[in-house]
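Here is the structure we will look at, set down as structure tokens.
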Amino acid sequence: MLGSESRLRRAGEFRDTMRQGVRAGRSCLVMHARKTELPPSRAGFIVSKAVGKAVVRNRVKRQLRHLAAAALPATPFPVDLVVRALPEASSGDLRTEFETALTACLNRLAA
RNA sequence: CGAGUCGGCCGGGUGAUCGCGGCGCAAGUCGAGGAAAGUCCGGACUCCACAGAGCAGGGUGGUGGGUAACGCCCACCCGGGGUGACCCGCGGGAAAGUGCCACAGAAAACAAACCGCCCCGCAAGGGGUAAGGGUGAAACGGCGGUGUAAGAGACCACCGCACUCCAGGUGACUGGAGUGGCAGGGCAAACCCCACCCGGAGCAAGACCAAGAAGGGCUGAGUCUUCGGACGCAGCCUGCGGACACCGUUUGAGCGCUGCUCGCGCGAGGUGUCCGGGUAGGUCGCACGCUGGCAACGGCGAAGGCGGUUGGCAACAACCGCCGCAGAUGGAUGAUCACCGGCCCUCCGGGGCCACAGAAUCCGGCUUAUAGGCCGACUCGUCCC
RNA sequence: GGUGGCGUGUCUGAGCGGCCGAAAGAGCGCGCCUCGAAAGCGCGUGAGGGGCAACCCUCCGAGGGUUCAAAUCCCUCCGCCACCG
């Protein structure tokens, strides 16, 4: 679904993406995005305890990873994404919100 | 058939497509739970030099077993509940000592006497008594009788209690006989006493590598010397730096063994205040252990599972055979679809739902959450043969 | 993963076996003061249920236990907070 080379794994990568990138908020997630030089687009996820118990958090994280695996190869330029799940993520429509947020971020980065 | 008690088990299945993590060159192979949870106990393991003694502190608390160990499990005893199967119990000691028992009540623990009762007395009052009343959670053995002025274990029978003896049992304890003649109410999940157990921290333990500010100490030989010392070099050890103050270097500051004392060890630095800086890395531990191999893998073993035999009422143990063994680190174990299986609704076309819940060093327990379903043993009631 | 702590009226919080539904302060309501307000002063005020009323019952996060008696002692859960190299 999404290999470890396409994941953000360092606290510094998360911090740089969230501070230097653009941002798009939806009702159950917040997406940060940043252009990168190297080809493999990467993604990272923040799912806090406010989302739910461990089972719910794992499920949300896996759904987000599937969405990112489908979307990342289709971007016109390599990007780093950070997706923060909000407390409504366990019951909301993750798919459409992820896609609209991603197009919003890409439009803003292309401009 | 109805009502109920106890114990055990499962925790949706199959297929297709697209994916993820470990191992492997690859083909391939392995990949969440009965609770993985809470962190309430116990161990393994690691570090604290060794894991020492006494006190303090903490824990456990009927008896006997099981176990690596336990606060767990099994069997039994006692007390309480239930017609019964069965269930519940932190279930040692209150004649070692201390403490507490509010309010009410005369009196709350060692003896006394408020209303009473009885006797003496005209009365005031004095004496006897503890049956009855009243208060209270609890009032100095209970019920009945004898007795008496009224009464009282003062005496008697039964019950309770204490002691002695006998019998049974490893034991807790039980049964029986006799004696005493009623004495010391409760609380130890109050302090405490008794018996037994416990060194502390915890995988963010700990080991190694890299990086780092800027060094510091000891030893050795060398050079210079005003004989106080200074300088660079090598080896080893150690390490955030600086300023100020205080204490100290064999007459021992301080540190460690978590508190105190002893004992033991380390020991030349330590403590306080202020200022400045640094701190997000990797490998192992770690995927059951040891061992051979570059590795996949093989061999041996066990505190794993299953099956069997033997011993035991049982927990469990011994032996034999077979099988299995996730290992991530911003953290894999997933998503979609179809069919079948359950449950609910239905306008009979169909529609909806599928429990609790996600490994993080490992293991043995306990506790808590849990849709639905299966199996076994037993009890009571009713009916039939 | 581990360690430690805390839950009491609407809020902040004391109380740690009995006179405790519970101190104190804030808040809120009413009154005095003022032309009016603020400040100040005085009084009152927890929630739920039952009852015509006087009044009664339950509640200190939840449940169970010890005790004559529990907010307080013991056990098990639930929720929240802090810390670790």
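Chain letters run A, B, ... following the sequence lines, proteins first, then strands; residues in each count from 1.
- Two residues are said to be in side-chain contact when any heavy atoms from C-beta on lie closer than 4.5 Å; A:Leu106 and A:Pro76 meet this criterion.
- Each of A:Phe14 and A:Arg59 was matched to the nucleotide of RNA chain B holding its nearest heavy atom; the match closer to the 5' end belongs to A:Phe14.
- The nucleotide B:rA207 finds its pairing partner in B:rU283, both defining distances of the Watson-Crick or G-U wobble pair being shorter than 3.5 Å.
- The distance from the CG atom of A:Leu102 to the CG atom of A:Leu67 is 10.0 Å, given to the nearest 0.5 Å.
- For B:rG4, the paired nucleotide is B:rC378, the pair qualifying as Watson-Crick or G-U wobble because both relevant distances are below 3.5 Å.
- Rounding to the nearest 0.5 Å places CZ of A:Arg65 at 12.5 Å from CG of A:Leu72.
- In this structure, A:Arg62 reaches the B:rU333 phosphate: one of its side-chain N or O atoms is under 4.0 Å from OP1 or OP2.
- Side-chain nitrogen and oxygen atoms of A:Arg65 include at least one within less than 4.0 Å of the OP1 or OP2 phosphate oxygen of B:rA332.
- The aromatic ring of A:Phe45 does not sit over the base of B:rG330, since the test of centres under 5.5 Å and planes under 30° is not met.
- Partner assigned to B:rC233 is B:rG220, using Watson-Crick or G-U wobble distances below 3.5 angstrom.
- For the residue pair A:Gly52 and A:Arg57, the shortest heavy atom distance occurs at O-NH1, 3.0 Å.
- Look at B:rA44: its Watson-Crick or wobble partner, with both distances under 3.5 angstrom, is B:rU361.
- Base-pair partner of B:rG89: B:rC78 (Watson-Crick or G-U wobble, both distances under 3.5 Å).
- Of all nucleotides present, none satisfies the Watson-Crick or G-U wobble test against C:rC33 with each distance under 3.5 Å.
- Where A:Gly44 and A:Arg95 meet RNA chain B, the nucleotide closest to each residue was compared, and A:Gly44 sits on the side nearer the 5' end.
- Using the Watson-Crick or G-U wobble rule with both distances under 3.5 Å, B:rC143 pairs with nothing in any strand shown.
- Here the NZ-OG1 distance, from A:Lys35 to A:Thr17, works out to 14.5 Å after rounding to the nearest 0.5 Å.
- Between A:Lys53 and B:rA357, a side-chain N or O to OP1/OP2 separation shorter than 4.0 Å is present.
- If you check B:rC353 for Watson-Crick or wobble pairing at under 3.5 angstrom, you find it paired to B:rG342.
- An anti orientation is assigned to B:rA314, its glycosidic angle lying beyond 90° of 0.
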